[in-house]
Amino acid sequence: MGAVLAAVLGAACLAGCSSTGGKRAEDRAKRAAKANSSAVDTPHWTFAMVTHSGAGDTFWDIVQSGAKQAAAKDNIKFLYSNSDQANEQSQLVQAAIDQHVDGLVVTLAKPDAMKAVVLKAEKAGIPVITINSGSQESKEFGTLGHIGQDETIAGRAVGDELNKRGRKHALCVLHEQGNVGHEQRCAGAKATFSGKMDNLYVDGTNMPDVLSAIQAKLQADKSIDSVVTLGAPFAATAVKAADQAGSSAEVDTFDLNAQVASSLKAGTLGFAVDQQPYLQGYEAIDLLWLYRYNANTLGGGQPVLTGPQIVTKDDADALLAYTKRGTR
């Protein structure tokens, strides 16, 4: 895990950080945004980001925060659109192609539905970077690169952490059927977890359904001592479900936001897996700019990893300030 984190930090710094450089770049971008100008004197390009996010998912607010910060710095007009329906996401990418954008950032949660339109963008001369999901398919589709965490590695880290905590029976809650990254997370956790792990599929667009499904499972099986959710917005719902079911199961989650950081501090969550979504958005825009400006690429054909990082109550205080400003 230490090696993975070192690689993450090293890859991030290739984009131009130093002991003070990151702070200086952030300050320049803030001044530029306030003055309605950019921090660089380069062509004014338009980059679009199209994700598989559903409504109200705070994870993607953090991704956008990073992308907007980089766009302000790099003299970029940033366009964002999203749909959790694969066919609609594909249509949004097509709309970006029709607008003749200068660069594209897409997610490949459901890669089969995205392949044709990604190849179409590349054929039109639009450079494409993928983030968050679909690292293997990203390479197959011929994109410039992928930025995110390896979901299998992240899942395996969760299994190891559950072992350290002495857990014996875990429930992995998948809130979006067909999402390859979610399947990889649960499968990775199951591979390293020495106990029993069950999958529970729920409708992530219907939080009352998520609540009732988890509660019913915990009531039916009292041996479950850990619930793992795959997104920060679902962690609080799982805590509520456990409480209503009279279960002492620990709730752990993938992803981080202000509520998760506060819950870690309060002890109502055991641990979280941070994949640094701010960095995914920031680096995607920055790397598209570097490619357009200087034909740079990053990763050497391999994904640029932004996670996983296991965070616990011990990390909560340090993270709270960042989560509250929307960058972690």
Side-chain angles (χ1 to χ4, degrees), residues 51-64 81-89 107 109-110 113 132-133 151 154-155 158 162 167 169-187 189-190 196-275 277 323-324 326:
T51 76
H52 65 277
S53 170
D57 191 335
T58 55
F59 177 91
W60 296 101
D61 294 337
I62 303 171
V63 173
Q64 286 187 73
S81 59
N82 63 285
S83 175
D84 58 1
Q85 301 299 310
N87 63 322
E88 293 179 3
Q89 186 190 4
T107 60
K110 298 174 182 176
N132 181 259
S133 53
E151 303 293 13
V158 167
L162 291 173
R167 300 298 161 177
H169 188 179
L171 184 67
C172 195
V173 183
L174 298 94
H175 61 267
E176 184 182 346
Q177 291 196 41
N179 186 317
V180 294
H182 289 185
E183 297 288 347
Q184 290 167 350
R185 288 178 179 182
C186 290
K190 190 172 184 177
K196 178 183 179 182
M197 178 167 287
D198 300 327
N199 286 359
L200 177 66
Y201 292 89
V202 298
D203 180 3
T205 64
N206 185 343
M207 202 60 85
D209 174 74
V210 176
L211 175 65
S212 61
I214 297 174
Q215 181 180 342
K217 185 70 174 178
L218 292 176
Q219 287 174 332
D221 192 341
K222 297 297 185 180
S223 70
I224 296 173
D225 58 13
S226 181
V227 177
V228 179
T229 62
L230 302 187
F234 303 95
T237 300
V239 170
K240 185 176 180 180
D243 182 62
Q244 292 182 358
S247 170
S248 60
E250 177 183 279
V251 176
D252 309 301
T253 190
F254 282 80
D255 300 334
L256 184 70
N257 62 14
Q259 185 178 23
V260 167
S262 296
S263 297
L264 288 171
K265 183 176 182 178
T268 53
L269 288 180
F271 67 88
V273 184
D274 185 19
Q275 61 174 303
T323 60
K324 288 178 180 178

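Atoms considered below: every heavy atom in the structure, side chains included; atoms not considered: hydrogens, waters and symmetry mates. None of these values were measured; they are calculated from a predicted model.
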Checklist outcome for this item: Closest non-hydrogen atoms of A242 and L218, given as atom of the first, atom of the second and distance, are CA-CD1, 3.6 Å

Next on the checklist: Rounded at 0.5 Å granularity, tell me how far OH in Y201 sits from NE2 in H175.
Outcome noted: 12.5 Å

Item to check | Value rounded to 0.5 Å, distance of OG in S247 from CD in Q215 | outcome: 10.5 Å

Next on the checklist: Nearest 0.5 angstrom please: I224 CD1 to H169 NE2, how far?
Outcome noted: 4.5 Å

Checklist entry - Judged by atom type as modelled, is there a donor-acceptor pair below 3.5 Å linking the side chain of R167 to the main-chain atoms of D225? => result yes

Item to check | Q219 side, atom CD; I214 side, atom CD1 - distance, nearest 0.5 Å | outcome: 12.0 Å

Checklist entry - Hey, is NZ on K324 packed in by over 12 heavy atoms from elsewhere, all under 6.0 Å? => result no

Checklist outcome for this item: Output for pair (D255 CG, I62 CD1), nearest 0.5 Å, gives 8.0 Å

Checklist entry - Going through the checks in order, is the side chain to side chain donor-acceptor pair (under 3.5 Å) test met by S226 and D252? => result CA-CA 7 Å; S226 181; D252 309 301; 3.2 Å; yes

Item to check | Non-hydrogen atoms of A249 and V227 that approach each other most closely | outcome: CB-CG2, 4.3 Å

Next on the checklist: Evaluate T253 against V273 for side chain to side chain contact (heavy atoms under 4.5 Å, CB included), listing each step before the verdict.
Outcome noted: CA-CA 6 Å; T253 190; V273 184; over 6 Å; no

Checklist entry - Going through the checks in order, is the side chain to side chain contact (heavy atoms under 4.5 Å, CB included) test met by C186 and L230? => result CA-CA 9 Å; C186 290; L230 302 187; 4.0 Å; yes

Checklist entry - In terms of heavy-atom contacts, does CD of E88 have more than 12 from other residues, nucleotides or ligands at under 6.0 Å? => result yes

Next on the checklist: Looking only at the side chains, is there a donor atom on one of T107 and N132 sitting less than 3.5 Å from an acceptor on the other?
Outcome noted: no

Checklist outcome for this item: Output for pair (E183 CD, N199 CG), nearest 0.5 Å, gives 6.5 Å

